[in-house]
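In what follows, a single structure is set out as structure tokens and then discussed.
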2 protein chains.
Amino acid sequence: MSQTVDRALSILPLLAEGPADLGQVADRLGVHKSTALRLLRTLHEHGLVYRQSDQRYRLGARLFALAQEAMENLDVREIAHPHLVRLNETCGHTVHLAVYEENEVLYIDKVESRYPVRMYSRIGKPVAITVAAVAKLLLADLPEHERRAVAEKLDYPTYTSRSTPNAGAFLRELEKVREQGWATDLGGHEESINCVAAPVRGADGRVVAAMSVSAPNVVVTADELLTLLPLVRRTADAISGEYSGRTPVKGTV
Amino acid sequence: MSQTVDRALSILPLLAEGPADLGQVADRLGVHKSTALRLLRTLHEHGLVYRQSDQRYRLGARLFALAQEAMENLDVREIAHPHLVRLNETCGHTVHLAVYEENEVLYIDKVESRYPVRMYSRIGKPVAITVAAVAKLLLADLPEHERRAVAEKLDYPTYTSRSTPNAGAFLRELEKVREQGWATDLGGHEESINCVAAPVRGADGRVVAAMSVSAPNVVVTADELLTLLPLVRRTADAISGEYSGRTPVKGTV
DNA sequence: ATGAAGGTTGCAAGCACTGCAACACCGCTG
DNA sequence: CAGCGGTGTTGCAGTGCTTGCAACCTTCAT
């Protein structure tokens with residue numbers, strides 16, 4: 001909608017791939033070097049890009065700080081956190097909290113497993129949307145037409161033999177998840193890792209977040225992990241209750 | 001340098017404080033509502049802001065993803081990580097890795113303490129620059145005039161009675177740190193928490209990062225923590241060696 | 001129903017952005 | 001040392017993008 005800003009912002013994902021020099025940026029934007037220079041300067045002044053010693057540009061520190069601040073302002077996260085910790089203390093496995101936003105699902109909190117074998121993930125990282133248990137819950141709650149639209153648009157990478165193969169299968173899975181009110185991922189992302197997940201709902205019943213417990217096969221079998229389902233659901237319900245109970249408008253300055 | 005982009009980017013820190021509606025954004029930018037709307041739309045298209053159900057804007061998911069990706073592309077971090085984990089396995093305490101960038105010091109990696117009492121910190125969060133041990137090391141390495149300039153510009157919050165009180169004291173501390181090649185923070189940020197830190201150097205001897213071990217008084221006394229200094233320094237040196245050894249230009253697309 | 005508050009759209013005017021071209025600054029090579 | 005290619009930077013004039021306005025729309029409360 002705004003050409004200049006549009007161009008400037010296009011630089012960010014470009015730099016996320018790795019450092020680049022002025023020429024490269026200008027080329028990939030399809031603008032003159034001088035134009036790219038001025039855009040980069042503006043981004044620089046705001047701390048969003050940083051000029052390293054070899055003069056190449058990369059993303060800057062303020063970006064982290066912004067993401068950080070934004071994360072801490074999420075109400076659900078704040079409310080859920082103590083519950084997640086408690087759940088982790090009970091079962092010992094990795095606990096995740098995730099939200100859906102514009103075709104992406106991302107982790108907004110995580111409590112590490114207390115077992116030595118841990119799974120890799122990171123707060124802020126987009127989730128494997130077609131297979132993750134939390135993603136299924138979040139997408140299953142979308143209105144039917146939107147759900148279908150999203151499912152059609154997605155790629156379906158074959159992480160393992162049990163990954164969701166295509167939109168049709170995904171939509172059926174979402175339907176099932178929608179009815180049963182919980183979801184699993186049994187080796188659909190990483191062969192040896194299983195998850196069980198339950199939804200966190202707002203006062204209106206809409207799913208606002210989803211939480212999951214994940215553990216590798218070497219620690220507990222899928223069946224053993226499933227025995228935790230009631231506990232996970234109870235935790236999610238507790239969070240839902242607290243979240244819908246009060247509606248703090250703490251953001252109002 | 002570019003008015004439009006400048007205005008658009010000014011919206012980000014504003015939203016980091018909390019969600020805001022169109023009017024508020026327009027007011028704080030000092031522009032007409034329609035202008036603010038168009039800027040917000042552009043930011044929205046790039047996923048940097050998100051429009052929540054009550055129509056108010058807040059920072060968007062892509063921001064997290066960007067910050068995340070940028071973080072993973074930092075060479076030092078990648079090289080250092082296994083060393084940090086090993087150090088944590090040996091001593092059990094919280095281990096941090098931090099870098100300096102444009103008047104800010106921020107954590108780029110962290111391995112959690114294995115003791116139940118943990119300190120609060122978060123990757124990406126700016127560090128208390130006037131007291132943290134890692135910050136002292138990073139600033140101590142700046143050229144003299146720049147070091148002075150930065151020190152003058154900083155605020156010196158009194159976190160505890162042992163916090164660095166002013167620029168003069170800070171510069172003297174930096175001089176000391178510079179000579180001895182390591183740094184401590186003994187209750188300067190939180191009364192009961194102590195840290196020891198050592199620098200990671202590039203091939204040219206410049207400090208590119210700093211790492212620290214932190215532990216609360218209730219777990220180990222400051223004196224006990226200091227006995228870890230040789231271990232911390234050895235770890236930092238190992239990282240330095242590996243970092244300066246190879247210079248992978250992995251970012252070249 | 002009526003009004004107020006906030007969000008959205010079309011439009012004309014002006015200025016901020018763009019691309020150009022010339023310059024400055026390396027590091028190389030003959 | 002001079003010449004040269006590559007890269008980053010700056011002044012300038014034209015124009016296309018951005019801006020503020022005003023009118024319109026939606027929603028909510030009275």
Side-chain angles (χ1 to χ4, degrees), chain A residues 1-12 14-15 17-60 101-102 143 202-204 206 247 249 251-253, chain B residues 1-12 14-15 17-60 101-102 143 202-204 206 247 249 251-253:
Chain A
M1 288 268 143
S2 165
Q3 190 187 63
T4 315
V5 178
D6 187 46
R7 286 174 173 170
L9 296 183
S10 303
I11 294 177
L12 298 179
L14 194 155
L15 289 185
E17 295 170 19
D21 63 28
L22 181 60
Q24 295 170 337
V25 173
D27 282 351
R28 293 197 48 182
L29 278 188
V31 299
H32 197 272
K33 274 187 308 180
S34 57
T35 305
L37 177 67
R38 288 183 277 243
L39 295 178
L40 280 165
R41 281 233 187 101
T42 312
L43 289 168
H44 180 91
E45 273 175 21
H46 285 258
L48 297 187
V49 310
Y50 175 66
R51 191 138 199 211
Q52 39 188 28
S53 43
D54 61 353
Q55 292 224 302
R56 291 191 305 166
Y57 295 91
R58 62 172 178 69
L59 295 183
E101 186 178 319
E102 318 254 348
D204 53 1
R206 292 291 309 275
T247 311
V249 198
T252 316
V253 182
Chain B
M1 286 270 148
S2 164
Q3 189 186 65
T4 316
V5 179
D6 187 47
R7 284 176 174 168
L9 296 183
S10 303
I11 294 177
L12 298 179
L14 194 154
L15 290 184
E17 295 171 19
D21 64 27
L22 182 60
Q24 295 169 334
V25 172
D27 282 350
R28 294 199 44 183
L29 277 188
V31 299
H32 196 270
K33 273 188 307 181
S34 57
T35 305
L37 177 67
R38 288 182 280 242
L39 295 178
L40 281 165
R41 270 224 254 268
T42 312
L43 290 168
H44 180 90
E45 272 174 21
H46 285 259
L48 296 187
V49 311
Y50 176 66
R51 191 138 201 209
Q52 42 188 29
S53 44
D54 61 353
Q55 293 224 306
R56 292 190 306 166
Y57 295 91
R58 61 169 177 70
L59 295 184
E101 186 177 323
E102 318 252 348
D204 54 0
R206 292 290 310 274
T247 313
V249 196
T252 316
V253 182

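Being a predicted model, the structure only gives us computed values, none of them experimental.
- Closest approach of B:P19 and B:Q24 over heavy atoms only: O-OE1, 4.3 Å.
- Regarding contacts with the backbone of C:dC17, a side-chain N or O of B:S2 is found under 4.0 angstrom from either OP1 or OP2.
- Between A:R28 and A:E17 there is a salt bridge, with a side-chain nitrogen of the basic residue lying less than 4.0 Å from a carboxylate oxygen of the acidic one.
- The distance between atom CE of B:M1 and atom P of C:dC17, rounded to the nearest whole Å, is 11 Å.
- Side chains of B:L39 and B:L29 form a contact here, defined as non-hydrogen atoms less than 4.5 Å apart.
- Contact check for A:R41 versus B:S2: no side-chain heavy atoms found under the 4.5 Å cut-off.
- Checking D:dG20, C:dT8, C:dG19 against the side-chain heavy atoms of B:L37 singles out C:dT8 as nearest.
- What separates CZ of A:R41 from C1' of C:dT18 is a distance of 15 Å, to the nearest Å.
- If you check distances only, the side chain of B:R51 never reaches the base of C:dG7 with a donor-acceptor pair under 3.5 Å.
- Each of C:dT18, D:dT19, D:dT9 was ranked by its minimum atom distance to the side chain of B:T35; first place goes to D:dT19.
- One distance of note links CD of B:E45 with CD of A:E102; it measures 10.5 Å at 0.5 Å rounding.
- Counting all heavy atoms, side chain and backbone alike, A:E101 lies closest to B:G60 at OE2-CA, 3.2 Å.
- With D:dG8, C:dT9, C:dG7 as the choices, the nucleotide that has an atom nearest any side-chain atom of A:D21 turns out to be D:dG8.
- Using a 4.0 Å cutoff on non-hydrogen atoms, the parts of residues 3-10 of chain A near DNA chain D are A:Q3, A:T4, ordered by number.
- Atom CG of B:L40 and atom P of C:dT8 are 10 Å apart (whole Å).
- A salt bridge is absent between A:R206 and A:D204; no separation between the charged side-chain nitrogens and carboxylate oxygens falls under 4.0 Å.
- Between the side chains of A:R58 and A:Y50, no donor-acceptor pair is found at a separation under 3.5 Å.
- Rounded to whole Å, the distance from CZ on B:R56 to P on C:dG7 is 11 Å.
- One atom, CG of A:L39, and another, C1' of C:dC17, lie 9 Å apart when rounded to the nearest Å.
- Nucleotide C:dG7 holds its C1' atom 12 Å from the NE2 atom of B:H32, rounded to whole Å.
- By the 4.5 Å heavy-atom criterion applied to side chains, B:L43 and B:I11 are counted as neighbours.
- Residue B:V31 has its side chain nearest to D:dG20 when only C:dT8, D:dG20, D:dT9 are considered.
- Defining each end axis of the helix from C:dA1-D:dT30 to C:dG30-D:dC1 as the rotation carrying four pairs' C1' atoms onto the next four, with five pairs an end, the two axes are found to diverge by 30° to 10 degrees.
- Going from atom CZ of A:R38 over to atom C1' of C:dA16 covers 10 Å, rounded to whole Å.
- B:K33 places its NZ atom 13 Å from the P atom of D:dA22, with the value rounded to the nearest Å.
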